[in-house]
Amino acid sequence: MFSFITSNLLEWYSNHARQLPWREDPTPYRVWISEIMSQQTQVNTVIPYFQRWMERFPTVEDVAKASLQDVLLVWEGLGYYQRARNIHRAAQKIMTEHNGKLPANVQALKSLPGIGKYSASAIASIAFGLDEAALDGNIRRVLSRLFDISDPINTAAGEKRLWQLAQDQLPSRIAGTYNQALMELGALVCTPRSPHCTQCPLSQFCQARLLGVQEQRPIKITKSTIPHITVTAAIIEKQDYVLITRRPMNGLLGGMWEFPGGKMQDGEDLNSCLEREIKEELGISISINQPFGVYHHAYTHYRVTLHAFLCTLVNGDKPKPLQVENLRWSKISELSNYPMGKIDRQIAKELLKQL
DNA sequence: GAGGCGTGGCG
DNA sequence: TCGCCAAGCCT
């Protein structure tokens, strides 16, 4: 009834599937959150975030009723913050348009913010038992090796071929288990580097291994190297308070709070950069008093070296949100109430230590 | 449809 | 230190 490949895969999965919190009670809501959190993120990273999320937001309604600020706080550290903003919006849509329950079909799932082709298929198959093929990074890699696909996977042609393959291979009635088994195999055995072929239940069927090219699959067109930029940030102090600003809702770290500043331009030094940025964003002049720290961080598209300075306002200037979503004077002890990215949270923690 | 979007781990 | 990679989606 099943192919040999499917039989071997399912047998392996029944013995090696990890116990994951969302697998213990795979309700549509829990599967949805687990899938969004798992986008571009390894399972071991997701687990504690998933647990905290479910404690804080046990139901779709709890998410829908929460403020975006609270949603981002729970998400802080997980990255790709648009995912959190999309979950928030989707939860409200589910309340108003779907009676508080996730819709049980791919098309309606895909119309929710943050749910694309993969996630819709994954939720449909895992949570609702529908016969939907899913194609994620793991399955792309496994299929590329199993069938020795030499088309680059990040092209339209390669993509089309893999989706077709995933659909052709899909067994009926057990798509959810099958999809998870393929992903689990990719995560644990058929790994990107140094795949554990001797432990693989599919090695006898693997055409890439037969040819000894498993480490060259999948083929991916690589992009150019990422730039390195220098940025400055101002820790503007006033008695027990510091000034923080909220980033615009779209783009990098959208909706997160930070210490204001920005990118250094050609011909600038650190001080002139910081003075200009603060003037542009807040319409005020500052006195840059002393260096606070230097921070290195790698984002997806560039590396950053950030120089933070302790500053004070000059004369009676009142900061205005000219180029920021919002601004706030926060007590240092209350900075943990504001969602921040990695670097700014580091700065906030350092400030708290020095109190 | 090509590029933007976080963070952590690993060789 | 550096590049790559990880259960993708959106514009």
Side-chain angles (χ1 to χ4, degrees), chain A residues 17-18 20 22-23 26 31-50 72 75-87 89-90 109-123 125-127 133-142 152-160 162-163 166 176 179-188 190-195 215 218 220-228 247-256 258 295-305 339-346:
Chain A
R18 289 170 290 185
L20 304 175
W22 47 92
R23 285 182 179 161
V31 171
W32 169 41
I33 299 300
S34 76
E35 287 301 335
I36 304 301
M37 285 187 169
S38 298
Q39 290 169 4
Q40 304 290 284
T41 310
Q42 297 192 340
V43 161
N44 287 337
T45 303
V46 168
I47 290 174
Y49 282 90
F50 180 85
L72 287 173
W75 199 273
E76 180 181 310
L78 199 49
Y80 286 133
Y81 297 94
Q82 185 180 27
R83 296 183 295 175
R85 301 196 300 274
N86 281 338
I87 287 177
R89 285 200 295 143
L109 286 167
K110 263 194 74 173
S111 75
L112 294 170
I115 299 183
K117 194 172 182 183
Y118 160 75
S119 297
S121 307
I123 295 167
S125 62
I126 297 170
L135 190 65
D136 76 323
N138 285 310
I139 301 181
R140 283 186 178 86
R141 186 171 58 256
V142 172
I153 59 168
N154 50 348
T155 63
E159 187 71 358
K160 187 176 178 183
L162 283 170
W163 271 105
N179 287 335
Q180 290 186 83
L182 270 185
M183 289 190 272
E184 199 82 339
L185 188 72
L188 300 180
C190 194
T191 48
R193 282 167 297 197
S194 311
E215 300 220 41
K220 194 178 289 187
I221 298 171
T222 59
K223 294 159 190 170
S224 55
T225 58
I226 64 176
H228 188 154
R247 296 176 64 91
M249 286 301 163
N250 295 318
L252 184 74
L253 298 167
M256 307 292 278
E258 67 179 3
Y295 302 83
H296 301 276
H297 191 66
Y299 294 103
T300 310
H301 283 74
Y302 48 84
R303 295 174 187 284
V304 163
T305 299
M340 293 179 172
K342 186 73 192 310
I343 295 180
D344 291 275
R345 182 57 72 206
Q346 261 183 270

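Naming convention: chains lettered A, B, ... in sequence-line order (proteins, then strands); numbering from 1 in each chain. Not measured: the values here are computed from a predicted model.
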How close or far is atom P of C:dC9 from atom CG of A:Asn250, stated in whole angstroms?
18 Å
If we only count heavy atoms from C-beta on, is the A:Leu78 to A:Arg83 side-chain gap below 4.5 Å?
yes
With heavy-atom distances below 4.5 Å as the criterion, would you say the side chains of A:Ile115 and A:Trp32 are in contact?
yes
Of A:Arg193 and A:Leu253, the one whose closest nucleotide on DNA chain B sits nearer the 5' end is A:Leu253
Are A:Gln40 and C:dG8 close enough that a side-chain N or O sits under 4.0 Å from OP1 or OP2?
yes
Atom P, compared across B:dG6 and C:dT11: separation rounded to whole Å
14 Å
Pairing donors with acceptors under 3.5 angstrom, does anything connect the side chains of A:Tyr118 and A:Glu35?
yes
For a side chain to side chain contact (heavy atoms under 4.5 Å, CB included) check, start with the C-alpha distance between A:Arg85 and A:Arg89, then their side-chain angles and the critical distance, and finish with the verdict.
CA-CA 6 Å; A:Arg85 301 196 300 274; A:Arg89 285 200 295 143; 5.8 Å; no
With the side chain defined as heavy atoms from C-beta on, A:Met183 is closest, among C:dA6, C:dA7, B:dC5, to C:dA7
Between A:Ile226 and A:Asn138, name the one whose nearest nucleotide on DNA chain C is closer to the 5' end.
A:Ile226
By nearest-nucleotide position on DNA chain B, the 5'-leaning member of A:Met256 and A:Asn154 is A:Asn154
Less than 4.0 angstrom between a side-chain N/O of A:Tyr81 and OP1 or OP2 of B:dT7, yes or no?
yes
At less than 3.5 Å, do the side-chain atoms of A:Thr45 and the base atoms of B:dG8 form a donor-acceptor pair?
no
Select base, sugar-phosphate, or nothing to describe what A:Trp75 touches, counting heavy atoms under 4.0 Å on all strands.
nothing
Categorize A:Gly251 for me: base, sugar-phosphate, or nothing, with a 4.0 angstrom heavy-atom threshold over every strand shown.
sugar-phosphate
Closest to side chain of A:Val43, choosing from C:dC10, B:dG1, C:dA7
C:dA7
Check the phosphate of C:dG3 against A:Arg303, side-chain N and O only, distance under 4.0 Å to OP1 or OP2. Yes or no?
yes
Whether A:Arg23 and A:Glu184 form a salt bridge (side-chain N of Lys/Arg under 4.0 Å from carboxylate O of Asp/Glu) is what I want to check.
yes
At under 4.0 Å between heavy atoms, what does A:Ser119 touch on the DNA or RNA strands: base, sugar-phosphate, or nothing?
sugar-phosphate
Tell me what A:Leu20 touches on the nucleic acid: a base, only sugar-phosphate, or nothing, going by heavy atoms under 4.0 Å.
base
Heavy-atom donor-acceptor pair, A:Thr41 side-chain to B:dG6 base, under 3.5 Å:
yes
Taking only side-chain nitrogens and oxygens of A:Lys342, does any of them come within less than 4.0 Å of OP1 or OP2 of B:dG8?
yes
Mind checking if A:Ile36 touches a base, just sugar-phosphate, or nothing, with heavy atoms under 4.0 Å?
nothing
Using a heavy-atom cut-off of under 4.0 Å over every strand shown, decide if A:Gly341 touches base, sugar-phosphate, or nothing.
sugar-phosphate
Looking at A:Arg141, I'd like to know whether one of its side-chain N or O atoms comes within less than 4.0 Å of OP1 or OP2 on C:dA7.
yes
Mate of B:dG6 where both pairing distances stay under 3.5 Å, Watson-Crick or G-U
none
Looking at every strand, decide which applies to A:Val46 at a 4.0 Å heavy-atom threshold: base, sugar-phosphate, or nothing.
nothing
For the P atoms, the ones on B:dG4 and on C:dA7, what distance do you get once it is rounded to whole angstrom?
23 Å
Answer with base, sugar-phosphate or nothing: what part of the nucleic acid does A:Ala134 contact at a heavy-atom distance below 4.0 Å?
nothing
If you only use heavy atoms from C-beta on, which nucleotide in C:dA7, C:dC10, C:dA6 is closest to the side chain of A:Lys220?
C:dA6
B:dG1 and C:dG8, which share atom name C1', separated by this distance in whole Å
15 Å
A:His301 side chain near B:dG3 phosphate (N/O to OP1/OP2, under 4.0 Å)
no
What nucleic acid atoms does A:Arg89 come within less than 4.0 Å of, heavy atoms only: base, sugar-phosphate, or nothing?
nothing
Distance between P atoms of C:dC4 and B:dG3 (Å, rounded)
15 Å
Tell me, do A:Asn86 and A:Tyr80 make a side-chain contact under 4.5 Å, heavy atoms counted?
no
Is there a side-chain contact between A:Asn138 and A:Leu185, using heavy atoms and a 4.5 Å cut-off?
no
Rounded distance in Å - CZ (A:Arg140) to C1' (C:dG8)
8 Å
Is A:Arg83 close enough to C:dC10 that one of its side-chain N or O atoms is under 4.0 Å from OP1 or OP2 there?
no
